[in-house]
Number of protein chains: 2
Amino acid sequence: IVEINGLTKDYPLDKTIVHALRGVDLKIAQGSLMSIIGPSGSGKTTLLNMIGCVDKATAGTVKIGGVDISGLSDRQITDLRLHKVGFIFQTFNLIPVLNTLENVEFPLLLMGKLSNAQIRAKAKKLLDAVGLGDYFNHRPGELSGGQRQRVAIARALVTEPSIVLADEPTANLDSVTGASILNLMQSMNKELGTTFIFSTHDPDVLQYARSIVKIHDGRIVEA
Amino acid sequence: IVEINGLTKDYPLDKTIVHALRGVDLKIAQGSLMSIIGPSGSGKTTLLNMIGCVDKATAGTVKIGGVDISGLSDRQITDLRLHKVGFIFQTFNLIPVLNTLENVEFPLLLMGKLSNAQIRAKAKKLLDAVGLGDYFNHRPGELSGGQRQRVAIARALVTEPSIVLADEPTANLDSVTGASILNLMQSMNKELGTTFIFSTHDPDVLQYARSIVKIHDGRIVEA
Ligand SMILES: Nc1ncnc2c1ncn2[C@@H]1O[C@H](COP(=O)(O)OP(=O)(O)OP(=O)(O)O)[C@@H](O)[C@H]1O
Ligand SMILES: Nc1ncnc2c1ncn2[C@@H]1O[C@H](COP(=O)(O)OP(=O)(O)OP(=O)(O)O)[C@@H](O)[C@H]1O
Ligand SMILES: [Mg+2]
Ligand SMILES: [Mg+2]
């Protein structure tokens, strides 16, 4: 479902260039539970950003469902990011002025397919599943780090996208809470065929992954 | 060096009150390597914020070096936070317009005790020690999550404070990088007698801790 060829990403910085990705080739089958591991600074977030159309590549191609994303208009990219690809950001990126429930309802409201009552029910159900049933009215600044992380997780999953990009989704979670999140993702994978691509430093996540890819200095070193 | 009695922190929220800390008693000896563990949302960050004078308690006392911090003026608190207590925040809190080197030099500049050359040398040495020797001129937005975390770590350690509060300092780090950070802290503890109080979900950190405190729902459950 995701096909990456010769993917290269350079960040120009003053007089130097940071080569964040150096020609990455990767095929990810639909329904995968793939984990990308590698040292801090090795390119995991950059790779996920390329797949999630958050940023443009310097060279190489990313195909999602057979479609080369570099050929898409901004409108089509926004559409892809709303309907097809869910993103759990390493820095969460919650909307500070909305509370927990509103943050999770937001993408469903944008999609405009369900009634407000259906949207509210869907959001509440997922928030209960990640252990935030008592925190609907907290705003992000009124939550703990791991609670914000779980709001970001719920928001990415609530639209039931085909592909979920999860950037270190358990970094701020204790092992018990983390396990419940991973179980939730595992059952979405099983029942809905959702493709999960994790980046992680957490050995527990690797227990759930069916394929593991190692990245080092912007290159894949083992696949 | 830190003495906590009946520490209580309530957050009023619409019509409810969140009881984040419910009467915590804790004594932390000078030179400790203490780890606070507990589920997401259990009160770890709130506890560190109380010790670090980032926020005021609802009830109970915090004494640092025998001094009740609730009696201190804002001026004295700023002084304490600059000279005595280093804080590695769960959300890093770096200054976005300064680059890595400037972020780490900043507290030393505020202290005004060393020459600019000495400050620069000290900051560079510590940044090398956390593996960021090639990233002096990156601004926080131009760094990976784990790199930002290490800038936050270097900034807290560069003033060689008596007490370091580390809120999930390895959350965004791979195990090799995390281990080098913990080794650095261990040698500061050994050579300078620095007191370290970690909050963590990372089992590797527990290997370095000499005492472990468990918190659950705002209460200490094992000490
Ligand atoms: N400003 C606030 N208003 C209301 N509730 C708050 C506020 N800040 C924190 N809380 C609540 O206080 C409780 C403790 O939060 P705290 O950040 O100390 O948890 P934590 O143990 O650090 O969690 P984590 O491991 O997820 O970082 C949480 O349930 C949180 O929702
Ligand atoms: N805007 C930017 N300008 C310059 N360099 C950048 C920029 N963004 C990222 N980098 C660099 O690109 C490299 C890869 O970053 P990336 O965020 O992908 O790493 P990562 O594997 O996700 O690391 P972590 O595990 O710490 O989150 C890093 O060395 C980083 O400093
Ligand atoms: Mg990253
Ligand atoms: Mg916390």
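Any value given below was found using the heavy atoms of this structure, including those in side chains, with hydrogens, waters and symmetry copies removed. Quick caveat, the model's predicted, so the values are computed rather than measured. Note on naming: letters A, B, ... go to the chains in the order of the sequence lines (proteins, then strands), and numbering restarts at 1 for each one.
If you measure heavy-atom distances from Ser40(B) to chain A, the contacts under 4.5 Å come from both the backbone and the side chain. If you measure heavy-atom distances from Glu168(A) to chain B, the contacts under 4.5 Å come from the side chain alone. Contact of Ser175(A) with chain B is not made at all, since no heavy-atom distance falls under 4.5 Å.
In terms of heavy atoms, Leu206(B) sits closest to Ser35(B) at CD2-OG, 3.2 Å. In plain terms, the two heavy atoms of Ile51(A) and Val62(A) that are nearest each other are CA-CG1, 4.2 Å.
Most heavy-atom pairs under 4.5 Å with chain B, from the set Ile37(A), Thr177(A), Asp14(A): that is Asp14(A). If you tally non-hydrogen atom pairs under 4.5 Å between each of Pro203(A), Gly41(A), Gly43(A) and chain B, the highest count goes to Gly41(A). Most heavy-atom pairs under 4.5 Å with chain B: of the set Leu173(A), Thr45(A), Asn137(A), Val18(A), this distinction falls to Leu173(A).
Without hydrogens or angle criteria, Asp55(A) side chain to Met50(A) main chain gives no donor-acceptor distance under 3.5 Å.
For the pair Asn103(B) and Arg139(B), the minimum side-chain heavy-atom distance is 4.5 Å or more.
None of Phe89(A), Phe92(A), Phe106(A) except one satisfies the side chain to side chain contact (heavy atoms under 4.5 Å, CB included) rule with Arg155(A); the exception is Phe89(A).
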